[in-house]
Number of protein chains: 2
Amino acid sequence: MGRGHMARRNTNRRVGIADVAEKAGVSHATVSRVMNGNAAVDPGIAARVRAAAAELKYQPNPVGRSLALGKTDTIGIVVPDLANPTFQAILRGLSIAAAQDGYRVLIADSSEVTSEEAILAGEARRRCDGVVLCAPRMADAELEELAPTLHPLVLINRTTIATNTPSLSVDYGQGIQELAQHLVSLGHRRLVFLSGPEHSASNRQRLVGLDQFRAEHPEIELQMLHGGSNFDSGHESTEAIIASGATGILAFNDLVAMGLLSGLHERGVRVPEDISVTGFDDIPFAKYTTPPLTTAAVPINELGSLAWRRMREQIQQAGETTTQAQDEFSPRMEIRKSTAAPALKPAS
Amino acid sequence: MGRGHMARRNTNRRVGIADVAEKAGVSHATVSRVMNGNAAVDPGIAARVRAAAAELKYQPNPVGRSLALGKTDTIGIVVPDLANPTFQAILRGLSIAAAQDGYRVLIADSSEVTSEEAILAGEARRRCDGVVLCAPRMADAELEELAPTLHPLVLINRTTIATNTPSLSVDYGQGIQELAQHLVSLGHRRLVFLSGPEHSASNRQRLVGLDQFRAEHPEIELQMLHGGSNFDSGHESTEAIIASGATGILAFNDLVAMGLLSGLHERGVRVPEDISVTGFDDIPFAKYTTPPLTTAAVPINELGSLAWRRMREQIQQAGETTTQAQDEFSPRMEIRKSTAAPALKPAS
DNA sequence: ACGCTCCGAGAAAACGCTTTCTCATGATTC
DNA sequence: GAATCATGAGAAAGCGTTTTCTCGGAGCGT
């Protein structure tokens, strides 16, 4: 029991500002001032405080700090599915960029449950200084209503009517047209668009783009096939694709294209000799498929870091509601080996 | 300055508990009681409070709540690189499992900067109720010192001497031996291990496993080649692999294997006819490479959800320092098409 | 020397919530 | 019918910071 009196409450309580204050023989206000360098403090006292803080390994409690300052130095991101490489990339870019400015990222995965997205976003917003929202399937009306309550908000691949919410989007319509154009210029005449989830905003954009393409190329046959947004749905479409008789396939995205590639390979259909396949997004794996995938590259890494920049701008100009940048990226064609001129069709 | 004028920033202030209390004509204590259902409240009053809360769309401020309760309902995860599918999967599993219990995940990407990991982890811990730490390269001594300060802590692929920190690990030594064994039983006699980052704990485990393999199979030639942990490093090793003359390649992980696969394909080396390649991890893409990759599957999805379960156990039994589970997973062989019997070597 | 301004540090208020403490009121018991 | 109890709501004390307010004391000019 020699050290019985030393029953440290340290064991159950973390060291707080009060402990430092006591040790340094000053008030906790002064400790705060020293730690934040906000007001002028006598250099001697400051040194004493710093010494005490160092000795006790004092680190301010962020929760107390957040309450007092009204900010958490944290932003939230809502994604529909963390298994999707696109969102992974956005998350990563966002997290790294935000970290550079001393911000952290809280993640909310809606697991594709559209009805949860608004709730998750609201919750995230309450905990954080802002929210990045990826909600491709949320109804327009709901988004429009939700957006103002979330302010500092950055939208990914969605826009609102009000122009005070910055948004980052990709011109999917343009990209899919260029891909179709690419196939046509290789000599393909029968194309299939293997579409994504029905209510996805970006799928709608692709459809609009393809309508335009059709108008410009009435001579080209373009079929629509329903699909999903992942590997498996691409794989499952293999038979339908083969049955379609088309030689050029526009897959919804790289994931779908890869699933299809693997399905075709299993069936002994050669790519690109028998069928050409294109993806969309240019996820990191796209250039390592066999054959490497022709795709429309969206600047997947930039997206995250730009999202942070837009967020930071809003956080800094807190209050004023100015009109915000609406960034739109044009995808860059990435021509690889999964597309080529079609074999000469036997006259039929 | 004019005090009265500045007095209320009510205009942009969020609705707080006080507003609800005023509207319902009760004290804010009562509002809190109603919201949390903690104590008995007169049903009539409770209804009035709920009505007021609903009308004002009141949602308790989580920061205030956290300060009062001493918990944030948030856990942190520290990962070395969010671009790595393994960590993405862990993050995803963790996030989904935690969400089910009403917890959120804060992410900290150390960007492979080992020296930052301890700081990030500490910071995360202060903001959260616990930390999941993935720090494959952190020095043992540093980890040992850091662990107690982080408690509620779950370690991934690392262990501490003290047994009160739960850890989840994969038996990489076992897995790599089985892969080597698989190649040998196919008839390969000259193998190469394309190693990962030098200071990676899991790489060391593989090396230990291979030492054992060597002891048991003195007749097999097993070379070591230095590499990294991603696509590009696999791709860059292509020449060295070809030059080695080996027919069976044990890549550090699936990423490396995929990079190598693509390199070999470019060079016209056929897999598995000319060279067999194995990966490790069984990331989702592994079964879609051409040829599909033989690999040692680690239950990548379970890892995240189990991490949460271990974390929750600790959070619940706050205080008592009991000895914690050390989970070790044995990888499951996933034999696909990237391995086959070697072609008969020309007598040389 | 006297009053003036500055400066720096402690006291106290604020941040938004939960929870203990306290006390009134009405019900229960002998 | 008085004493005891249970009930439920308000007052107030935290939680750990930052920041405003206040005030003593030092420096300066006249």
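Computed from a prediction, not measured in an experiment: that's the story for all the values here. Order of the sequence lines fixes the chain letters, A, B, ..., with proteins taken first and strands second; residue numbering starts at 1 for each chain.
One atom, CD of Glu22(A), and another, C1' of dG10(C), lie 16 Å apart when rounded to the nearest Å. Distance CD1 (Ile17(A)) to C1' (dC15(D)): 13 Å, rounded to an integer number of Å. As a whole-Å value, the separation of Leu67(B) CG from dA14(C) P is 17 Å. Per the geometry, CE belonging to Met35(A) stands 14 Å off P belonging to dT19(D), to the nearest Å. Going from atom CG of Asp73(A) over to atom P of dT17(D) covers 15 Å, rounded to whole Å. Put simply, CZ on Arg127(B) is 13 Å from C1' on dT17(D), counting in whole angstrom units. In this structure, His28(A) atom NE2 and dT18(D) atom P are separated by 10 Å, rounded to whole Å. As a whole-Å value, the separation of Asn61(B) CG from dG16(C) C1' is 6 Å.
Remark: Arg33(B) engages Ala29(B), Thr30(B), Ala39(B), Val41(B) in a side chain to side chain contact (heavy atoms under 4.5 Å, CB included) (not counting sequence neighbours).
In terms of phosphate contacts, Thr30(B) brings no side-chain nitrogen or oxygen within less than 4.0 Å of OP1 or OP2 of dA9(D). Residue Asn38(B) places no side-chain N or O under 4.0 Å from the OP1 or OP2 atom of dT18(C). Residue Tyr58(B) places at least one side-chain N or O closer than 4.0 Å to OP1 or OP2 of dC17(C). The shortest distance between the side-chain N/O atoms of Asn36(A) and the OP1/OP2 oxygens of dT18(D) is below 4.0 Å.
Surrounding CD of Glu144(A) are more than 12 heavy atoms belonging to other residues, nucleotides or ligands, all under 6.0 Å away.
With Thr74(A) contributing its side chain and Thr72(A) its backbone, the two residues share a donor-acceptor pair below 3.5 Å. Of the possible donor and acceptor atoms, one in the side chain of Asp19(B) sits under 3.5 Å from a partner among the backbone N and O of Gly16(B).
When Glu142(B), Glu112(B), Glu117(B) are each tested for a salt bridge (Lys or Arg N to Asp or Glu O under 4.0 Å) with Arg137(B), only one passes: Glu112(B). The salt bridge (Lys or Arg N to Asp or Glu O under 4.0 Å) with Arg312(B) is formed by just one residue from the set Asp73(B), Asp101(B), Asp129(B); it is Asp101(B).
Evaluation of the ring pair (Phe, Tyr, Trp, His ring centres under 6.0 Å) test over residues 90-135 of chain A, restricted to residues two or more places apart or in two chains, returns Tyr103(A)-Trp308(A). For residues 26-68 of chain B, no pair satisfies ring pair (Phe, Tyr, Trp, His ring centres under 6.0 Å), with sequence neighbours left out.
Distance from the side chain of Ser27(B) is smallest to dG10(D) among dG10(C), dG10(D), dG14(D).
Taking 4.0 Å as the cut-off between side-chain N and carboxylate O, Glu313(B) and Arg310(B) count as a salt-bridged pair.
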Between protein and nucleotides 5-8 of chain C, what N or O pairs are separated by less than 3.5 Å?
none

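Across all strands shown, Ser32(B) has heavy atoms under 4.0 Å from base atoms, whether or not it also approaches the sugar-phosphate. Residue-level contact check: Gly70(A) touches neither bases nor backbone, having no heavy atom under 4.0 Å from any strand. When heavy atoms are screened at a 4.0 angstrom cut-off, Val26(A) is found touching the sugar-phosphate backbone but no base atom.
Taking five base pairs at each end of the helix from dA1(C)-dT30(D) to dC30(C)-dG1(D) and finding the rotation axis that steps the C1' atoms of four pairs onto the next four gives two axes whose angle is 50°, to the nearest 10°.
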Margin query: Generate the contact string for nucleotides 20-27 of chain C. Rules: B means base contact, S means sugar-phosphate contact only, - means no protein heavy atom under 4.0 Å.
Written below: B-------

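Side-chain contact, Arg65(B) with Asn36(B): a donor N or O sits under 3.5 Å from an acceptor N or O.
Under the 4.5 Å side-chain criterion, counting only non-hydrogen atoms from C-beta, Thr160(B) is in contact with Leu155(B).
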Check: Step by step, would you call Glu116(B) with Ser110(B) a side-chain hydrogen bond (donor to acceptor under 3.5 Å, both in side chains)?
Finding: CA-CA 6 Å; Glu116(B) 285 287 302; Ser110(B) 66; over 6 Å; no

